[in-house]
Amino acid sequence: SMSKNTLLIGSRGSHLAKAMVREFLTPLRAAHPTHTFKQRTIMTSGDKDRVTSLQALGKSLTSIFATQVEETLLRGEVDIAVHSLKDLPTAPTPGTLLAITPAREDPRDALTGTPWDQLPHGARIGTSSTRRVAQLKHLRPDITTVPIRGNVPPRLRKARELGLSGCLLASSGLRRLGLADEIGTDMDPALYPPSPAQGILGVQIRETDRHLLELLHPLHDPVSHAEATAERSLLAELHGGCSVPIGALARVTGDRLTLDAQVTSVDGTRTVRADTTGPATSAAELGKHLAHTLLDQGAEELLSQVRATPPTT
């Protein structure tokens, strides 16, 4: 068996997942020069076979990827799993523990290609996310969305092949891949709130490996942790999966946290929007409170419409 000073870090095999692991390992290696950290990529069935209609399996792409990395962790084949936190369900998978929250990358959505204010009438934009489509239709009902799935570089390629004006992607993914030049516009969260916990790494360990918490602690960022907690607590209270049109962004200033969130009808015609501010130490309560404010303003009707709509493949 390997020495206990060797730890295996697992992630998906995409370029973006590997970039996220490198971002995580650089400070970790600096903090622990006597340890050896090895990268293990997990080829997920979603990566192998994008043809199967994942919705037919009743799962989103992200949850399938996350699940297979988690299974590798639970089988003891890796010691630490690195995900995109926005891909992890708000209820932790039994046996796993979210260890720390590293510093957040840019939380915004980005429009690649043509800048937002120069998009022609009837422009075609590539995106498969229910939230992104709904929020686009809300701001620009004239725009047509074209479903594009997969890893970031193939999406950009496909958008060019199809002659689209651009794609909507996470700014953090483009930046982590060194593709910030592709960004035409970083979408203003006041108009276009991102996915809860976008730009944040989810670092998972086995529940039984709490001794790793101390090792990982130097990478923990309390500000990102408060933001993630508020956004994910709101999402959990609204029972939102990753396919639900809920945009949310928390921002910490000093010891105060402001959380802004929007629920959008799938056709983009209606939105319910609210915000709240309070102590950053009460992040979870603020998220829960704001969820109820949104529900009081009619968000439940918009969310039940989504649940009743069969997902598009």
Side-chain angles (χ1 to χ4, degrees), residues 20 23-24 26-28 30-31 82-88 90-92 97-110 131 135 170-176 180 183 185-205 210 212-238 240 246-264 271-297 299:
M20 291 183 340
E23 179 181 314
F24 166 76
T26 303
L28 195 58
V82 174
H83 307 261
S84 225
L85 182 55
K86 75 168 181 181
D87 295 348
L88 288 177
T90 50
L97 189 65
L98 267 180
I100 52 153
T101 310
R104 187 177 209 167
E105 228 312 348
D106 195 314
R108 296 173 294 182
D109 272 331
R131 173 189 60 82
Q135 291 179 185
S171 176
S172 56
L174 291 160
R175 290 173 195 279
R176 285 179 165 131
I183 300 174
T185 309
D186 276 303
M187 302 296 284
D188 178 357
L191 287 173
Y192 204 87
S195 187
Q198 188 157 289
I200 301 180
L201 301 185
V203 179
Q204 259 181 345
I205 59 173
R210 288 176 185 269
L212 292 177
L213 291 173
E214 196 182 333
L215 175 103
L216 292 167
H217 190 73
L219 273 68
H220 185 65
D221 182 68
V223 167
S224 296
H225 181 69
E227 292 174 358
T229 301
E231 293 164 19
R232 282 169 61 80
S233 146
L234 167 107
L235 187 63
E237 198 65 17
L238 292 173
I246 299 168
L249 186 62
R251 278 290 181 233
V252 173
T253 312
D255 60 359
R256 306 287 289 170
L257 180 143
T258 299
L259 177 62
D260 183 20
Q262 176 177 310
V263 177
T264 312
T271 65
V272 178
R273 184 150 195 155
D275 62 79
T276 187
T277 303
T281 48
S282 305
E285 292 79 3
L286 289 167
K288 201 169 175 176
H289 168 75
L290 189 59
H292 288 280
T293 304
L294 291 166
L295 292 171
D296 291 345
Q297 292 178 16

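- By the neighbour-count criterion of 12 heavy atoms within 6.0 Å, atom NE2 of H292 is densely surrounded, having more than that number from other residues, nucleotides or ligands.
- Shortest non-hydrogen contact noted between P194 and P189 is CD-CB, 4.2 Å.
- Using a 4.5 Å heavy-atom threshold, the side chains of L85 and L98 count as touching.
- Looking at every heavy atom in both residues, P107 comes nearest to R251 through CG-NH2, 3.1 Å.
- Heavy-atom minimum distance, A226 versus A280: CB-O, 4.0 Å.
- Taking CG from L257 and CD from E285, the interatomic distance works out to 11.0 Å, rounded to the nearest 0.5 Å.
- Using a distance-only test at 3.5 Å, with no hydrogens or angles considered, no donor-acceptor pair links the side chain of E227 to the main chain of L249.
- Look at R176 and E105 and you find no salt bridge, because none of the NZ, NE, NH1 or NH2 atoms lies under 4.0 Å from a carboxylate O.
- Side chains of D255 and T281 form no contact here, defined as non-hydrogen atoms less than 4.5 Å apart.
- Rounding to the nearest 0.5 angstrom, the gap separating the NZ atom in K86 from the CD atom in Q198 is 3.5 Å.
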Exercise. May I have the step-by-step check of side-chain contact (heavy atoms from CB on, under 4.5 Å) for I205 and L213, ending in yes or no?
Key: CA-CA 9 Å; I205 59 173; L213 291 173; 3.9 Å; yes

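- Looking at heavy atoms from C-beta onward, S224 lies out of side-chain contact with P102 at the 4.5 angstrom threshold.
- Taking each heavy atom of F24 and V82 in turn, the nearest pair found is CD2-CG2, 3.8 Å.
- A distance of 10.0 Å separates CG of D109 from CG of L174, quoted to the nearest 0.5 Å.
- Distance CG/L88 to CG/L201: 10.5 Å, rounded to 0.5 Å.
- Contact of the P92 side chain with the Q204 side chain is not registered, since no non-hydrogen atoms from C-beta on lie closer than 4.5 Å.
- Distance alone, capped at 3.5 Å, is enough to place a donor-acceptor pair between the E231 side chain and the A250 backbone.
- Proximity of R232 to I200: side-chain heavy atoms (C-beta onward) are nowhere separated by under 4.5 Å.
- In this structure, the side chain of Q135 engages the main chain of P193 through a donor-acceptor pair within 3.5 Å.
- Put simply, NZ on K288 and OG1 on T276 are 14.5 Å apart, with the number rounded to the nearest 0.5 Å.
- Atom CG of L259 and atom CG of L290 lie 5.0 Å apart (nearest 0.5 Å).
- Between R210 and L97, the closest heavy-atom pair is NH1-CD2, 3.9 Å.
- Using a 4.5 Å heavy-atom threshold, the side chains of R273 and D260 count as touching.
- Side-chain polar atoms of T277 and T258 form a donor-acceptor pair below 3.5 angstrom.
- Looking only at side-chain heavy atoms (C-beta outward), H220 and T101 come within less than 4.5 Å of each other.
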Quiz item: Which is it for L294 and L234 under the side-chain contact (heavy atoms from CB on, under 4.5 Å) test, yes or no, and what are the steps along the way?
Solution: CA-CA 10 Å; L294 291 166; L234 167 107; 3.8 Å; yes

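- Using modelled atom types, no side-chain atom of R104 and backbone atom of V223 make a donor-acceptor pair closer than 3.5 Å.
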Practice problem: Could you walk me through whether D186 and R175 pass side-chain contact (heavy atoms from CB on, under 4.5 Å), step by step? | Solution: CA-CA 11 Å; D186 276 303; R175 290 173 195 279; 2.6 Å; yes

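- The two residues A274 and T293 make their nearest non-hydrogen contact at CB-CG2, 4.0 Å.
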